[in-house]
Number of protein chains: 2
Amino acid sequence: MLLTTSAEENYLKAIFKISEKEPGPVLTNALAAAMGTSAASATDMLKRLSDKQLVAYEKYRGVTLTPEGDRLATSLIRKHRLWEVFLVDKLGFAWDEVHDFAEQLEHVQGDNLTDRLDEYLNHPRFDPHGDPIPDAQGRWIRRPQVRLTTLTPGQKGIVTGVDDHTSPFLQYLDELGIALGVAIELLDRTAYDQSSKVRIAGKEYTLSEKASQNLFLRLE
Amino acid sequence: MLLTTSAEENYLKAIFKISEKEPGPVLTNALAAAMGTSAASATDMLKRLSDKQLVAYEKYRGVTLTPEGDRLATSLIRKHRLWEVFLVDKLGFAWDEVHDFAEQLEHVQGDNLTDRLDEYLNHPRFDPHGDPIPDAQGRWIRRPQVRLTTLTPGQKGIVTGVDDHTSPFLQYLDELGIALGVAIELLDRTAYDQSSKVRIAGKEYTLSEKASQNLFLRLE
DNA sequence: AAATATTTTTAGACTTGTCTAAAAATAAAT
DNA sequence: ATTTATTTTTAGACAAGTCTAAAAATATTT
Ligand SMILES: [Mn+2]
Ligand SMILES: [Mn+2]
Ligand SMILES: [Mn+2]
Ligand SMILES: [Mn+2]
């Protein structure tokens, strides 16, 4: 059992998340951008993570997670999302308030804490933003979901997640009455700016292309 | 609102706890011993804390908390003990398992987390070890309690706390059926080694002076 | 293929928090 | 009042994690 610092863990998570979106090795600049650090700092950290066998790193060629690095990153995401469920379901925080707490709580170390928390929360399978929570063995649930921008007028869907987790977007959704599980019907797409005319609970709204892009739906 | 590192917070807590036991300024060596660091490291940290106005530090003369330092230390103890209640009451950990988790959780920063946790736990006034939890305004509850070593044969008391929070002691108490709220009667004190003959739930046991010293009781 | 642009790494520096060893200040003992 | 012992501080070093600026490697254009 090797021990990792919070900084190392955050880099591992970032590598995992970039790998999810784009295939192939993660490049130094992409990692630095995701971490909000300089490319030089990312290079330093990649050497450290490579020494610890958590990543396979080749100079100038990018980095991938080793099985152990993947396991650790998955565990961090599990912890992050379980704590978010706790903060929303038990402490009554709104879905836009919990991310910064979870960023800290995911680094709490010690035997059994995660599994006890999971048990206490009744093994939730999705977090407050609709993201899947890997189980104790690191297994993921993948749901078929599409962006609102891919619907054709007349199609309906149920909100299953968001791609933008920032407060301004989540609060904007709150104002529109959009939450996980809410039904949305695409009425029309404006040719000029690709904005979406939608019906939510009987009322009509217009969502920008940017907002539509960040909404995931399960088709009805 | 100044921001503090975990290391700074741990030193503040240590200064607070030493001040509780012994009056007057806290000396460098005592602080270093409590923190498990060298005296040189303690001196370095005292300079940092002094720069941040969290302590009043005079070279060679020792250190005391400023009002702001006292407020911060109290808040840390509040957070530590509330998390311990959560871990025992909600997650089902034993009282000897929660300290290391709480040492990490007490450093989680952010608005309202502590008060929401306090609310969720129904404003507990004591932690799983019988220690008082300061309220949101930093007010303490002080209970009259005495060590088992101060009782005279024939006296009875209810266990209200422990002075040793380590696993070996707490697990030893578990084996004897000693927990918070349990009634203990002192039957006799052995002159030779000051051990205590006691009755707990009808059964008789012998407790060493060391163990007796670490048990707090409210007299019946 | 050579020149140019981009990406990545290296070099050197800074902060936090720690250490050991030596120096200085204070306290205790003769 | 000196000497001796103890406590505390300073000096110098190190690791983690960050930065900026310069050098090197790779990719793209011409
Ligand atoms: Mn989050
Ligand atoms: Mn989330
Ligand atoms: Mn504790
Ligand atoms: Mn406690």
**Request:** Strictly below 4.0 Å, heavy-atom distances to any atom of DNA chain C: list the hits from residues 22-34 of chain B, or just say none.
**Result:** none

**Message:** Donor-acceptor check, side chain of B/E97 to backbone of B/A94, threshold 3.5 angstrom: yes or no?
**Reply:** yes

**Request:** If a pair satisfies side chain to side chain donor-acceptor pair (under 3.5 Å) and one of its residues is in residues 28-37 of chain A, list it, with sequence neighbours excluded.
**Result:** A/Y11-A/T37

**Asked** Within the pair A/K47 and C/dT10, is there a side-chain N or O less than 4.0 Å away from OP1 or OP2?
**Response** yes

**Request:** Round to a whole Å and report the spacing from CG of B/L12 to P of C/dG17.
**Result:** 11 Å

**Prompt:** For B/F216, is the NZ or CZ atom of B/R143 found under 6.0 angstrom from the centre of its six-membered ring and inside 45 degrees of the ring axis?
**Reply:** no

**Prompt:** Can a donor-acceptor pair be found between the side chains of A/Q145 and A/T160 at a distance below 3.5 Å?
**Reply:** yes

**Message:** Which residues in residues 68-75 of chain B have a heavy atom closer than 4.0 Å to any atom of DNA chain C?
**Reply:** none

**Asked** Going by atom types alone, do A/T190 and A/S195 pair a side-chain donor with an acceptor below 3.5 Å?
**Response** yes

**Request:** Write out all pairs satisfying salt bridge (Lys or Arg N to Asp or Glu O under 4.0 Å) with one or both partners inside residues 21-33 of chain B, taking only residues at least two apart or from two chains.
**Result:** B/K21-B/D163

**Where at least one partner belongs to residues 81-96 of chain A, residue pairs that pass salt bridge (Lys or Arg N to Asp or Glu O under 4.0 Å), sequence neighbours excluded** = A/R81-A/D127

Atom pairs under 3.5 Å: protein N/O with N/O of nucleotides 15-19 of chain D:
residue: D/dG17; atom: OP1; partner: A/T5; partner atom: OG1; Å: 2.4
residue: D/dG17; atom: OP2; partner: A/R48; partner atom: NE; Å: 3.2
residue: D/dT18; atom: OP2; partner: A/Y11; partner atom: OH; Å: 3.4
residue: D/dT18; atom: O4; partner: A/D44; partner atom: OD2; Å: 3.3
residue: D/dC19; atom: OP2; partner: A/S38; partner atom: N; Å: 3.0
residue: D/dC19; atom: OP2; partner: A/S38; partner atom: OG; Å: 3.2
residue: D/dC19; atom: OP2; partner: A/S41; partner atom: OG; Å: 2.5

Write out a two-atom table: protein N or O, nucleotide N or O from nucleotides 22-25 of chain D, distance below 3.5 Å.
residue: D/dA25; atom: O4'; partner: A/Y60; partner atom: OH; Å: 3.3

**Side chains of B/Q109 and B/E9, donor plus acceptor under 3.5 Å** = yes

**Item:** Verdict with supporting geometry, A/E209 and A/R147, salt bridge (charged side-chain N to carboxylate O under 4.0 Å, His left out)
**Value:** CA-CA 11 Å; A/E209 183 185 17; A/R147 294 175 197 277; over 6 Å; no

**Asked** Which residue pairs pass the salt bridge (Lys or Arg N to Asp or Glu O under 4.0 Å) test with at least one member in residues 30-56 of chain B, sequence neighbours excluded?
**Response** B/E8-B/K52

**Request:** Go through the side-chain N and O atoms of B/S196 and B/S212 and say whether any donor and acceptor fall under 3.5 Å apart.
**Result:** yes

**Request:** Using the ring-ring contact (aromatic ring centres under 6.0 Å, His included) rule, collect all pairs that involve residues 93-117 of chain B, keeping only residues at least two apart or in two chains.
**Result:** B/H80-B/H99, B/F93-B/F101

**Message:** Which residues in residues 51-58 of chain A have a heavy atom closer than 4.0 Å to any atom of DNA chain C?
**Reply:** A/Y57

**Set of residues satisfying salt bridge (Lys or Arg N to Asp or Glu O under 4.0 Å) with respect to A/D135, sequence neighbours excluded** = A/R139

**Request:** Using a strict 4.0 Å threshold on nitrogen-to-oxygen distance, state whether A/E20 and A/K17 make a salt bridge.
**Result:** no

**Prompt:** How would you list all residue pairs meeting side chain to side chain donor-acceptor pair (under 3.5 Å) that involve residues 111-125 of chain A, not counting sequence neighbours?
**Reply:** A/R78-A/D115, A/R78-A/D118, A/D118-A/H123, A/E119-A/H123, A/Y120-B/Y120

